[in-house]
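Down below is the structure, laid out as structure tokens.
Atoms within each ligand, like the ligands themselves, are counted from 1 in listed order.
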Amino acid sequence: MTALKFIHVTDTHLVAAPRRLYGLDPRARLAAAVGDIARRHADAAFVAITGDLTHWGQPGAYAALREVLAPLPMPCHLVLGNHDDRAAFLEVFPETPTDPAGFVQYAVETEAGVMLMLDSLTEGTHGGLLCEDRLDWLAGQVERFRGRDLFLFLHHAPFDVGVPGMDRIRLLNAEAFWQALQGHPRIRHLFYGHVHRPICGSWRGIPCSTLPGTSHQVQLQFEEPEAVPGSHEPPAYGIVLASPDAVVVHNHAFLDDSLRFPLDSEAAEAAQTAEELEGLALAPA
Ligand SMILES: [Fe+2]
């Protein structure tokens with residue numbers, strides 16, 4: 001069986017036009033990612049965006065999101081983050097499935113396994129929480145799909161990443177989340193957002209990864225900050241190849257236009273400066 005290819009995007013932080021955010025245009029940034037995905041990965045089964053779809057939860061920002069995502073040739077599964085507004089989101093995306101309690105949680109069955117989209121948005125805090133209703137729904141899905149491979153999509157990581165400003169607002173009830181997973185034997189991967197950085201690792205044996213956002217980033221800072229430090233480090237999205245054997249996540253900095261050159265060329269190897277290499281430059285893939 002060939003690998004299932006899908007795309008992970010996170011923290012798009014759209015704002016309604018003509019506003020910009022932290023000196024950047026999140027709409028244009030996401031549009032560039034969408035264009036790149038449509039051009040290079042039209043064969044991907046779906047795109048999943050793990051929250052902070054918008055920055056202020058404005059209806060106009062969700063309308064902009066709908067417009068910017070429209071050129072994607074594959075389905076796009078949306079997950080809410082702490083910057084989102086559930087009611088405003090559902091006004092603009094009424095076709096998105098919800099669980100019986102009205103939270104934006106749903107299962108997507110694919111040939112590689114079942115993708116569970118989870119809703120950790122909790123009003124009044126930037127931290128995430130899965131309340132009893134959401135945990136009950138999750139436990140039900142885990143039971144329903146006990147014989148299938150599971151992939152989880154959630155905005156807030158259930159563990160510390162070592163960046164104090166973000167760890168304070170992680171998933172606040174990780175133990176209850178763990179209990180709801182009931183020791184499912186085949187949780188292949190947890191895709192999360194929130195941290196605006198490229199991070200991979202595992203949580204209690206479950207492989208996990210996140211990515212830079214498509215707009216602004218969070219600085220890598222392990223010391224206790226006075227404020228959460230942002231940055232203009234490059235944005236990225238992830239290309240995931242999921243087979244029965246492996247889950248591979250590529251981090252693609254879609255705005256990068258640095259020099260491409262042939263690695264197997266002796267002339268390129270011998271170049272002493274970037275200028276010398278420019279004569280051998282390859283077009284971007
Ligand atoms: Fe975010």
Side-chain angles (χ1 to χ4, degrees), residues 7-16 19-34 47-58 60-62 64-65 68-69 76-86 88-89 93 104 117-130 152-172 174 190-200 208-221 225 227-238 249 251-255:
I7 306 295
H8 181 200
V9 173
T10 198
D11 292 274
T12 50
H13 282 258
L14 258 61
V15 294
R19 291 287 299 263
R20 292 166 62 94
L21 183 68
Y22 303 127
L24 301 170
D25 180 349
R27 296 176 304 281
R29 286 288 185 93
L30 180 59
V34 164
V47 173
I49 308 183
T50 48
D52 285 350
L53 305 172
T54 68
H55 190 69
W56 289 302
Q58 307 153 296
Y62 289 109
L65 179 66
V68 172
L69 296 178
C76 189
H77 304 307
L78 302 175
V79 171
L80 299 180
N82 49 294
H83 281 270
D84 286 304
D85 181 299
R86 193 175 294 108
F89 166 76
F93 290 91
V104 181
M117 307 294 156
L118 303 173
D119 178 346
S120 55
L121 165 60
T122 299
E123 281 81 15
T125 172
H126 279 300
L129 206 66
L130 294 168
L152 307 175
F153 296 78
L154 171 70
H155 183 67
H156 296 86
F159 50 86
D160 285 347
V161 297
V163 177
M166 300 306 292
D167 288 342
R168 274 195 292 277
I169 53 171
R170 58 171 237 187
L171 189 74
L172 302 173
L190 165 64
F191 295 92
Y192 63 100
H194 196 43
V195 191
H196 295 237
R197 295 211 56 81
I199 303 172
C200 60
C208 305
S209 65
T210 188
L211 296 159
T214 54
S215 194
H216 61 284
Q217 314 307 341
V218 171
Q219 269 190 55
L220 182 61
Q221 183 172 323
V228 177
S231 84
H232 279 194
E233 290 166 77
Y237 66 80
V249 185
N251 181 90
H252 177 50
F254 57 91
L255 294 185

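Ring orientation note: the planes of Phe191 and His8 are nearly perpendicular, at an angle over 60° on the 30°/60° scale.
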Query raised in the report: Step by step, would you call Thr214 with Tyr237 a side-chain hydrogen bond (donor to acceptor under 3.5 Å, both in side chains)?
Result: CA-CA 7 Å; Thr214 54; Tyr237 66 80; over 6 Å; no
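Summary: NE2 is the N/O/S atom of His13 found nearest to the Fe ion (ligand 1). Nearest N/O/S atom of Asp52 relative to the Fe ion (ligand 1): this is OD2. For Asp11, the N, O or S atom closest to the Fe ion (ligand 1) goes by the atom name OD1.
Among the backbone and side-chain atoms of His196, an N, O or S atom lies under 2.8 Å from the Fe ion (ligand 1).
Taking the side chain as every heavy atom from C-beta outward, Phe89 and Leu78 approach each other to under 4.5 Å.
Put simply, the side chain of His196 never gets that close to the backbone of Ser231: no donor and acceptor are under 3.5 Å apart.
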